[in-house]
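A, B, ... follow the sequence lines: proteins, then strands. Residue 1 opens every chain.
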2 protein chains.
Amino acid sequence: MDQPLPRDPIAEAQRNWVRRGWEAQAAPMAAITAIMRTQQLLMLRIEGVLKPFALTFSRYELLTLLAFTRRGELPMSRASSLLQVHPTSVTNAVDRLQAAGLVDRAPHPLDRRTTLVRLTTDGRDLARRATDALNREVFTDTGFEADDVDALIGILARFRQQAGDFDPA
Amino acid sequence: MDQPLPRDPIAEAQRNWVRRGWEAQAAPMAAITAIMRTQQLLMLRIEGVLKPFALTFSRYELLTLLAFTRRGELPMSRASSLLQVHPTSVTNAVDRLQAAGLVDRAPHPLDRRTTLVRLTTDGRDLARRATDALNREVFTDTGFEADDVDALIGILARFRQQAGDFDPA
DNA sequence: TCCACATGGTTGGATGTCCAAGTATAGTCC
DNA sequence: GGACTATACTTGGACATCCAACCATGTGGA
């Protein structure tokens with residue numbers, strides 16, 4: 001899987017789709033498959049940068065989300081909503097971050113259903129160091145051209161909005 | 001997680017990045033995070049369409065790849081290369097498809113290291129029906145605008161090429 | 001002919017995803 | 001005040017990802 005293929009496998013699949021008579025669906029299929037592959041490439045790269053910190057991207061995202069709150073804490077349901085992952089994914093991430101001493105769970109003062117997840121000092125420090133590494137090694141030179149970055153942001157925001165991710169206003 | 005958020009969480013994260021002084025990295029970070037979320041949305045949608053066929057996207061892709069070959073078979077290493085997944089992911093997919101009677105494993109006539117994975121009649125039929133469903137329910141109306149589909153294809157092809165996925169020629 | 005290197009595929013393991021179901025708690029309405 | 005609905009989070013499970021290590025086989029060069 002390290003060796004470049006002689007041809008773009010997704011362009012090939014697109015041609016196959018056209019050959020089978022699915023012309024209207026060929027380009028959308030290719031775009032979606034390209035998104036899947038691009039995500040995979042980026043994930044491998046990001047996980048590679050985070051590995052020395054004993055972090056995965058999922059756990060990193062939760063730490064960073066907490067680091068951006070005023071008090072370094074959030075209800076788990078809120079974290080699930082903002083990170084746009086299933087509540088069980090947050091449970092999983094909090095379990096592992098808590099075992100590593102990077103967050104704590106705390107009861108909500110007024111609502112016994114709610115668990116607050118709170119950043120520890122170690123967690124805040126690691127979030128900062130991991131962000132420095134990602135900024136330096138991924139976000140400074142992503143492999144996208146600058147114009148493409150802006151275009152992607154626009155296109156994917158329109159898509160996410162029509163998918164119901166956030167309100168139009 | 002079903003309710004739209006009042007604001008775009010990724011745009012919010014981008015503003016947070018700028019506030020922290022990481023201006024050059026903010027847009028690339030947002031583009032990458034948007035790719036992650038878009039992939040997740042598309043995957044949920046695709047898995048939803050495939051579920052009645054007792055297929056996952058990963059298994060579907062292998063079936064479709066085989067359906068496009070002349071003889072309905074490929075060496076597993078070739079499948080790994082074309083699908084751009086780790087060999088263990090192909091082993092996993094073949095195990096499950098084989099258990100479901102959708103593919104068979106066969107020895108290579110000339111190379112005892114190599115295992116061929118071969119589509120069965122049931123597998124070919126299921127690949128066709130699942131493709132019909134995906135064409136109808138996902139690829140005909142993806143949620144992307146038509147211009148955006150073409151732009152995505154171009155942008156992501158450039159990215160995948162610079163990442164070493166395929167040769168420039 | 002033998003050895004070193006490469007290839008193909010598997011196994012065990014770690015990880016994170018979401019679904020279904022369950023329990024505890026809170027809110028609303030009659 | 002009680003019943004019903006909703007919310008928060010967990011647990012168990014299915015699934016697929018990739019990594020590390022291993023074994024069997026093939027290739028090429030000395």
Atom-to-atom span, CD1 of Ile46(A) to P of dT17(D) - whole angstrom: 18 Å
Integer-rounded Å distance: dT17(D) P and Met36(B) CE: 16 Å
Can you give me every donor-acceptor pair (side chain of residues 46-58 of chain A, partner residue at least two apart or in another chain, under 3.5 Å) with its distance?
residue: Glu47(A); atom: OE1; partner: Phe57(A); partner atom: N; Å: 3.3
residue: Thr56(A); atom: OG1; partner: Arg59(A); partner atom: N; Å: 3.3
residue: Thr56(A); atom: OG1; partner: Arg59(A); partner atom: NE; Å: 3.4

Integer-rounded Å distance: dC18(D) C1' and Leu50(A) CG: 15 Å
Atom-pair distance (CD on Glu47(B); P on dC19(C)), nearest Å: 10 Å
DNA chain C contacts among residues 56-76 of chain B, heavy-atom distance under 4.0 Å: Met76(B)
Basic-acidic side-chain contact under 4.0 Å: Arg7(A), Asp167(B): no
Spacing of Gln84(A) atom CD relative to dC18(C) atom P, expressed in whole Å: 11 Å
List the atom pairs, with distances to 0.1 Å, where a side-chain N or O of residues 61-72 of chain A and a protein N or O form a donor-acceptor pair under 3.5 Å, not counting sequence neighbours.
residue: Thr64(A); atom: OG1; partner: Tyr60(A); partner atom: O; Å: 2.9
residue: Thr69(A); atom: OG1; partner: Leu66(A); partner atom: O; Å: 2.8
residue: Thr69(A); atom: OG1; partner: Gly72(A); partner atom: N; Å: 2.8
residue: Thr69(A); atom: OG1; partner: Glu73(A); partner atom: N; Å: 3.2

Partners passing side chain to side chain contact (heavy atoms under 4.5 Å, CB included) against Asp150(B) (at least two apart in sequence or in another chain): Ala27(A)
Minimum side-chain heavy-atom gap Pro107(A)-Arg112(A) below 4.5 Å: no
Minimum side-chain heavy-atom gap Thr120(B)-Asp125(B) below 4.5 Å: no
dC18(C) OP1/OP2 closer than 4.0 Å to side-chain N/O of Gln40(B): yes
Side-chain ion pair, Asp95(B) and Arg105(B), N-O less than 4.0 Å: yes
Worked check of side-chain hydrogen bond (donor to acceptor under 3.5 Å, both in side chains) between Asp8(B) and Gln161(A): CA-CA 8 Å; Asp8(B) 182 357; Gln161(A) 179 173 289; over 6 Å; no
Interatomic distance, Leu55(A) CG vs dA14(C) P [rounded to whole Å]: 18 Å
Between the protein and nucleotides 25-28 of chain D, list every N/O to N/O distance that falls short of 3.5 Å.
residue: dG26(D); atom: OP1; partner: Arg112(B); partner atom: N; Å: 3.1
residue: dG26(D); atom: O4'; partner: Arg113(B); partner atom: NE; Å: 3.3

Side-chain heavy atoms of Val103(B) within contact of Val94(B), under 4.5 Å: yes
Atom CZ of Arg45(B): over 12 foreign heavy atoms under 6.0 Å: yes
Ser80(B) side-chain N/O to dG9(C) phosphate OP1/OP2 under 4.0 Å: no
Length of the line joining Leu83(B):CG and dC18(D):C1', which is rounded to integer Å: 15 Å
Within 6.0 Å of CZ in Arg20(B), more than 12 heavy atoms from elsewhere: yes
Near-strand residues of residues 88-98 of chain B, defined as heavy-atom separation under 4.0 angstrom from DNA chain C: Thr88(B), Thr91(B)
Length of the CZ-P vector between Arg105(A) and dC9(D), whole Å: 9 Å
